[in-house]
Amino acid sequence: MSKTAPLQKAEAPSKTPLLDQVGVPSDMRGLSDTELKQLADELRAETIDAVAQTGGHLGAGLGVVELTVAIHAVFNTPDDKLIWDVGHQAYPHKIITGRRDKIRTLRQGGGLSGFTKRSESEYDPFGAAHSSTSISSALGMAVARDLKGEDNTVIAVIGDGAISAGMAYEAMNNAGSLKSNLLVILNDNDMSIAPPVGAMSRYLTKLVSSNPYMGARDIAKKVASILPQPLQMAAKRAEETARAALGHGTLFEEMGFYYIGPVDGHDLDALLPILRNIRDTRHDGPILIHAITKKGKGYAPAENAPDKMHGVAKFDVVTGTQEKSRAGAPSYTSVFARELIKHAQKDKTIVGITAAMPGGTGMDAFGDAFPNRMFDVGIAEQHAVTFAAGLATEGMKPFCAIYSTFLQRAYDQVVHDVALQNLPVRFAIDRAGLVGADGATHAGAFDIAYLGCLPNMMLMAASDEVELARMVATAVAYNDGPCAFRYPRGNGFGLEIPEKAEPLEIGRGRIVREGSDVAILSYGARLQECVQAADMLATKNISTTVADARFAKPLDTKLIERLIKNHKAVVTIEEGSTGGFGALVMHFAANAGLLDTGTCKLRTMHLPDMFQDHDKPEKQYDEAGLNAAQIVRMVLSIS
């Protein structure tokens, strides 16, 4: 009796049959417009599925799926350069530019960056993560192209939030004056599609992007130029009125851009003809397409909660429910906000300022409590700092809450408008130290060094949530000049914060544990690692003093002198770059002659002289050499 072969289970058909055929953008260019629409649907589904597994930025990427497909289908990337402003919306772009097989490694150690990154792909011509840089970098590429005699297209995609920053307008002004051929796509997801953006508007925007219209417009300008001055002005006003009716592009026109829009950024029937017209038309000067999009497009949970699903943890695709973190100690950010609110209830001169990050800095809670005293100035850190300086001149107490890495963008204002004039602006520096999945672009590595060199600046760093509460109180009470206090991303240690946290004595640290052999002097949130290191050293019969510096400026010179004179070795620890707290300690010790006798060895431990890639924070700190075991190794090597 013959045996029948077992039935083979048929493989389920792919949910993304077209996307499966697209390894790189050139694979798209033979597809019909109908197929491109299907590809966009599949790309959206793949993006949702990938981010559900990894977490990351979701809403922004879903809003540019059609733009991503249209740009790569029409233009010859990577020879044509495509720059995404910020880059957090570039997940769909990564999927169709040869990185689909790695898309589920997003923001994980050794995996894809959550932003564009030059070293990752030739399709990422410019790295990003800080906003409003795309037009400047694109213009640089366009000018380089012209100088080399090449003819590729350069495209910058910038959001309505990012284009509000001064740098974007500086770039547009320069682009208009240079008349370089450059395409800027304004991805406007902050408004709904207006009624005119329909079939008629689609026709008109296609018309004004066409070669005959552009040519006719140039001819009309030349004809108008030989008319008497009053008629020239009348002709100019007539055209501006007509174009304003199409899309209110007068501002961009005045800056030298040819304006097209608004256009529905999710309508490939509108996008594809316009982009093809631009590709095939010789034009003199930059063009701006105003595309209206919807954040989270095509995924109901993201459409209905664009803020909550801007950046997400892992989530269930069906329900949109995000994976909850374990309940534990409050975050440093929430402690800062809560303490500032307490003080503001009693002190009406306290004002909160943030630059487009109310949720990330805790200023949203402050704004809920004091809507007339919280100012979100948009993506404008330079303005935020000088605005705070102006408030300080009039006796207000401005708290400028900005991430360490974003405060870098306002350094001139910190120096010239605040420190030079010794104005009591308070800088609440969130995201100090390493930040995990956001990687090098968001790591708060340099603020100790770049603020520590400034005259008049007082600097503090919180080792735990109680210390942060006391530093908020210290900043409220401090009116002798500018001050800054830094604190990390993430949660505290569950310590009980007193109802009324007392201000610190300026320039005074504290001894956390007394020892006799070696000393560890910590500045900031590595203090618990230092305590653990002391416990480990105790098992090796090494008695360790652990001190919390609290202040980098002014230094507690009496504490430093005591540690150096009474111990065989002193090690400083900080979550910052070289040139920071350790350098300030070394500078003082050397000039005070404390190292002349050679009886004490002084070493500094800080972040490595490199930009560290994204990973879990604990792995980043292990790579940086700032965990307890590595502190122990340093002490053993010199004691």
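What you see is a predicted model; the values in this text were computed from it and never measured.
- Between the side chain of Y258 and the backbone N or O of G285, no donor-acceptor pair lies under 3.5 Å.
- Taking 4.5 Å as the limit, every side-chain heavy atom of V86 sits out of range of all side-chain heavy atoms of T116.
- Within the 4.5 Å cutoff, side-chain heavy atoms of F336 are placed close to those of M363.
- Remark: T16 pairs with S14, L19, D20, E42, R100 by the side-chain contact (heavy atoms from CB on, under 4.5 Å) rule, at least two apart or across chains.
- A salt bridge between D151 and R282 is absent, with no side-chain N of the basic residue lying under 4.0 Å from a carboxylate O of the acidic one.
- Without hydrogens or angle criteria, D85 side chain to S134 main chain gives a donor-acceptor distance under 3.5 Å.
- Using a 4.0 Å cut-off between a side-chain N of Lys or Arg and a carboxylate O of Asp or Glu, D284 and K179 do not qualify as a salt bridge.
- The closest side-chain heavy-atom distance from K314 to T54 is not below 4.5 Å.
- Only one option out of V184, I289, I287, L186 pairs with F257 in a side chain to side chain contact (heavy atoms under 4.5 Å, CB included); it is V184.
- Considering K297, K37, R44 as possible partners of E66, the one that fulfils the side chain to side chain donor-acceptor pair (under 3.5 Å) test is R44.
- Salt-bridge formation is not detected for the pair D264/K294: no Lys NZ or Arg NE/NH1/NH2 atom is positioned less than 4.0 Å from an Asp or Glu carboxylate oxygen.
- Ring centroids of F366 and F370 are separated by less than 6.0 Å, placing the two rings close together.
- Of all non-hydrogen atoms in D376 and A355, the two that sit nearest each other are OD1-C, 3.8 Å.
- With sequence neighbours left out, R145 forms a side chain to side chain donor-acceptor pair (under 3.5 Å) with no residue at all.
- Side-chain rings of H442 and F406 approach one another, their centers coming within less than 6.0 Å.
- Side chain of R431 to backbone of Y403: no donor-acceptor contact under 3.5 angstrom is found.
- Between I185 and the choices L82, I158, I71, the side chain to side chain contact (heavy atoms under 4.5 Å, CB included) rule is met once, by I71.
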